[in-house]
Amino acid sequence: MFNKRKTVAIKYDDALETLDNDENKLRYLISHGVIIQTDDTLELDDNYLHFFENVLEVNEEINVASVKQYVDKLRLNIDSYLAADTEKRKGSFMRDIRHTFHSIAQMTRRNIIDLKRNMEDTYKQEPNFKLKKLRLVDFDKKCVDIAELIRQTEKIMDEQTIFFSSAMDVLLRQTISDVRSGLRESSHSLIDIQKQIVDYLNRIEYQSRLVKKIRQLKYLKDQFMLEENTNVKSVLGERNPVWMEPVVRFTTKVSIDFLRNDDAALSILADVRRQLSKKTLIRQRLLGKIDHEYLDAGTETMRVFNHQEIFNMFNAQSNDLFNFVRLYDFKSDTTREERLVLFLQLASQYPDEIRFTDETRILQNIEYPIILPL
Amino acid sequence: MKYTNEVFQRLSRGQFVSSNSIDTDTRAIYNDIEENQSDYEKYFEQIDFILSNGDGYYYFARKEQKVTTENKLKSLTPWIDYLDFLTNYDSTFDSGTQFTLAQIEVRVASDVELRDKLEHILEDKQSIHDKIEALANALVSQGFAEVINEVDGRYQVTTAFRYITNIMECLNIDEEVKDEIPE
């Protein structure tokens, strides 16, 4: 029942079942006010609920009021001690004072532990953004309250000098120094918690802002308004991150020297060989045989004039180039056209080494220039 | 500068190196860059890469534009959809967040809005599972998340995720249009 105190009220019949159908037990609990019955459902009484929570150290409420009560009680007891006339009564007040001091230190410590746990839980588990923020702000306020109580308790210890000087109690001194160090510890962790709360609140602020921004951008994108109505182009224009570029692949060839000389290359070669292991695959990669016809060496005879030789001969005589070529005694038969082509070839091939004259003559139907050796 | 080769291999492909990586090698690389940042910067500047950093991550950028702004926009816009979906799934989705494919799948199955959003992204994938998987893969290949456990499909978001949210924050929406956007 305690486990489910937050969520559901227990049905009368279900409760009966867990108590082995012993209705007397349930009746007893109800009649003594441990369990409250409303219609068909049962709830734990608030007092017992708090008692369990306190004992099991799982309470979610940070009770600042109770610490305040202790402080007031402390003041009252101190005043009473000073006003008391008999030693016996003083002694009983002193005991009360010591207990109260202890309780204050303990309560403060407990409150801080609860606060820390609740703060973490709220930040990590509360799904609702607004609730999360509200609760954290509330925890922040509680921090301030607890800090104020610590300050007040310390103030009492500092200010009530008359009381402390008149009550020379060893136990009290021991208690006071315990409480002081306890409170110091508490205030340190309190500062930590406050820092953490501020950090959480900032994070929530950041996240809610981001979520809102993304929603807005998404809306604009879906409406095709993103480019027009945001500075997306200039923002992207300023940045040239590599991830927005198409992926570049570097294909580097393996060094032949490495393949030849390095032992590590053997494994690479073995890998390649394995990939090519299917013989059919290798055969498929081979080209067909070369036809024998292409490999037979055939011979073809061509007749070519040795221009340089002929030109040298020309230089060694005095006749003009046209007639020299026309009348030259070649070893084989040479037609008139071939001689004519040769004449033109020689004239254009060695223009710097021959002398062109302005004179032209006509032989049969051919008009030719007179070209002489230099 | 112990990791110039690794840094080049990763960053030149457009990946990020995050400080909260679950991979010890990556963390070692991150720490080495952090310690010798100016040396690394000079080193890579010679081959036209600018070593840039954000809050807990490093990446490469360039001085001059290699891609047109239109193409950059094309690589950015899918992330608007992805982020919209992810922040809708978990408003505190940020670096360090862990998620499993199954978790998201369960939420999508019961949340109409989430399912609607998912249907409009990664349209080449059909089933909800495939889409969520593709989304997680997109996060991983970009270096915004890492696989913790392949068996149960558990992922963790890296600090580099802040890079993309940072860009979103840098975008300013015209004031007059802002009022037209429904809450």
Side-chain angles (χ1 to χ4, degrees), chain A residues 120-133 135-136 199-252, chain B residues 11-16 49-50 52 59-88 90-94 117 120 141-143 160 163-178 180-183:
Chain A
E120 299 277 345
D121 286 355
T122 307
Y123 178 73
K124 282 173 191 156
Q125 285 167 11
E126 175 61 56
N128 185 319
F129 242 59
K130 281 177 184 158
L131 269 182
K132 190 185 276 201
K133 197 172 161 184
R135 297 213 57 186
L136 283 175
D199 183 44
Y200 282 161
L201 282 173
N202 283 340
R203 269 199 243 176
I204 290 176
E205 190 61 37
Y206 163 79
Q207 272 155 352
S208 70
R209 209 174 55 229
L210 184 69
V211 170
K212 197 174 158 201
K213 183 65 153 293
I214 290 171
R215 295 239 165 103
Q216 288 172 334
L217 289 172
K218 165 82 172 157
Y219 175 83
L220 289 178
K221 185 197 154 265
D222 289 349
Q223 305 286 323
F224 298 101
M225 288 160 70
L226 190 66
E227 283 179 65
E228 295 304 314
N229 296 297
T230 65
N231 61 343
V232 66
K233 278 189 165 177
S234 74
V235 167
L236 289 179
E238 289 163 12
R239 291 153 196 260
N240 296 305
V242 175
W243 73 267
M244 285 183 172
E245 295 173 11
V247 179
V248 191
R249 293 198 193 285
F250 301 99
T251 47
T252 36
Chain B
L11 300 193
S12 68
R13 292 196 187 125
Q15 291 182 337
F16 291 75
F49 283 116
I50 298 173
S52 311
Y59 63 99
F60 270 170
R62 288 187 201 271
K63 254 186 204 145
E64 63 293 318
Q65 178 154 317
K66 288 233 168 184
V67 195
T68 58
T69 308
E70 278 68 32
N71 281 336
K72 286 188 208 167
L73 197 62
K74 266 184 207 158
S75 13
L76 182 71
T77 41
W79 285 103
I80 297 180
D81 294 328
Y82 299 165
L83 288 179
D84 181 52
F85 174 80
L86 291 171
T87 50
N88 212 288
D90 176 3
S91 55
T92 60
F93 198 91
D94 197 0
K117 283 183 192 298
H120 290 97
S141 68
Q142 198 62 75
Y163 171 85
I164 199 77
T165 53
N166 259 340
I167 289 194
M168 299 299 161
E169 274 185 287
C170 288
L171 299 180
N172 290 327
I173 301 169
D174 292 349
E175 285 302 325
E176 62 263 32
V177 192
K178 235 179 201 172
E180 292 171 22
I181 301 175
E183 278 293 311

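Residue contact with chain A, scored on non-hydrogen atoms closer than 4.5 Å, involves the backbone and the side chain of B/Phe60 alike. Residue B/Glu64 touches chain A through its backbone alone, counting heavy-atom pairs closer than 4.5 Å. For B/Asp90, no part sits under 4.5 Å from any heavy atom of chain A, backbone or side chain. The part of B/Gln142 that comes within reach of chain A is its side chain, from C-beta onward, which places non-hydrogen atoms under 4.5 angstrom from that chain. Proximity to chain B (any heavy atom under 4.5 Å) is shown, for A/Ile204, by neither the backbone nor the side chain. Looking at A/Leu210, only its side chain comes within 4.5 Å of chain B, counting heavy atoms on both sides.
Once rounded to the nearest 0.5 Å, the distance linking CD1 of A/Ile214 with CD1 of B/Ile164 reads 9.5 Å. Atom CG of B/Leu76 is separated from atom CG of A/Leu226 by 7.5 Å, given to the nearest 0.5 angstrom. Distance CZ/B/Phe85 to NZ/A/Lys218: 11.0 Å, rounded to 0.5 Å.
Between chain B and the residues A/Thr230, A/Asn229, A/Val235, the most heavy-atom pairs under 4.5 angstrom are made by A/Asn229. Of the residues considered (B/Ser52, B/Ser91, B/Cys170), B/Ser91 shows the highest number of contacts with chain A, using heavy-atom pairs under 4.5 Å. Looking only at heavy-atom pairs under 4.5 Å with chain A, the residue among B/Leu86, B/Thr77, B/Thr68 that has the most is B/Thr77. The residue among A/Gln223, A/Lys233, A/Glu227, A/Glu245 with the most heavy atom pairs within less than 4.5 Å of chain B is A/Glu245. Contact tally against chain A (heavy-atom pairs below 4.5 Å) for B/Asp81, B/Ile50, B/Leu83: the top residue is B/Asp81. Note on B/Lys66, B/Lys74, B/Gln15, B/His120: by heavy-atom pairs under 4.5 Å with chain A, the leading option is B/Lys66.
The nearest pair of heavy atoms linking B/Glu169 to A/Lys213 is O-NZ, 3.1 Å. For B/Lys63 against A/Asn240, the heavy-atom pair with the smallest separation is O-ND2, 3.2 Å. Scanning both residues, B/Leu11 and A/Val242, for their nearest heavy atoms gives O-CG1, 4.0 Å. Across all their heavy atoms, B/Lys72 and A/Arg239 have their closest contact at NZ-O, 2.6 Å. Of all the heavy atoms in B/Asp174 and A/Glu228, the pair that sits closest is OD2-O, 3.8 Å.
In this structure a side-chain-to-backbone donor-acceptor pair under 3.5 Å is missing from B/Asn172 to A/Asn231.
No option in B/Thr69, B/Ile173, B/Ile80, B/Leu73 other than B/Leu73 meets the side chain to side chain contact (heavy atoms under 4.5 Å, CB included) test with A/Val232.
Residues A/Lys132 and B/Thr92 are in side-chain contact: their nearest non-hydrogen atoms beyond the backbone lie under 4.5 Å apart. The closest side-chain heavy-atom distance from B/Asn88 to A/Arg215 is below 4.5 Å.
Ring geometry for B/Phe16 versus A/Trp243: interplanar angle of 30 to 60°, hence tilted.
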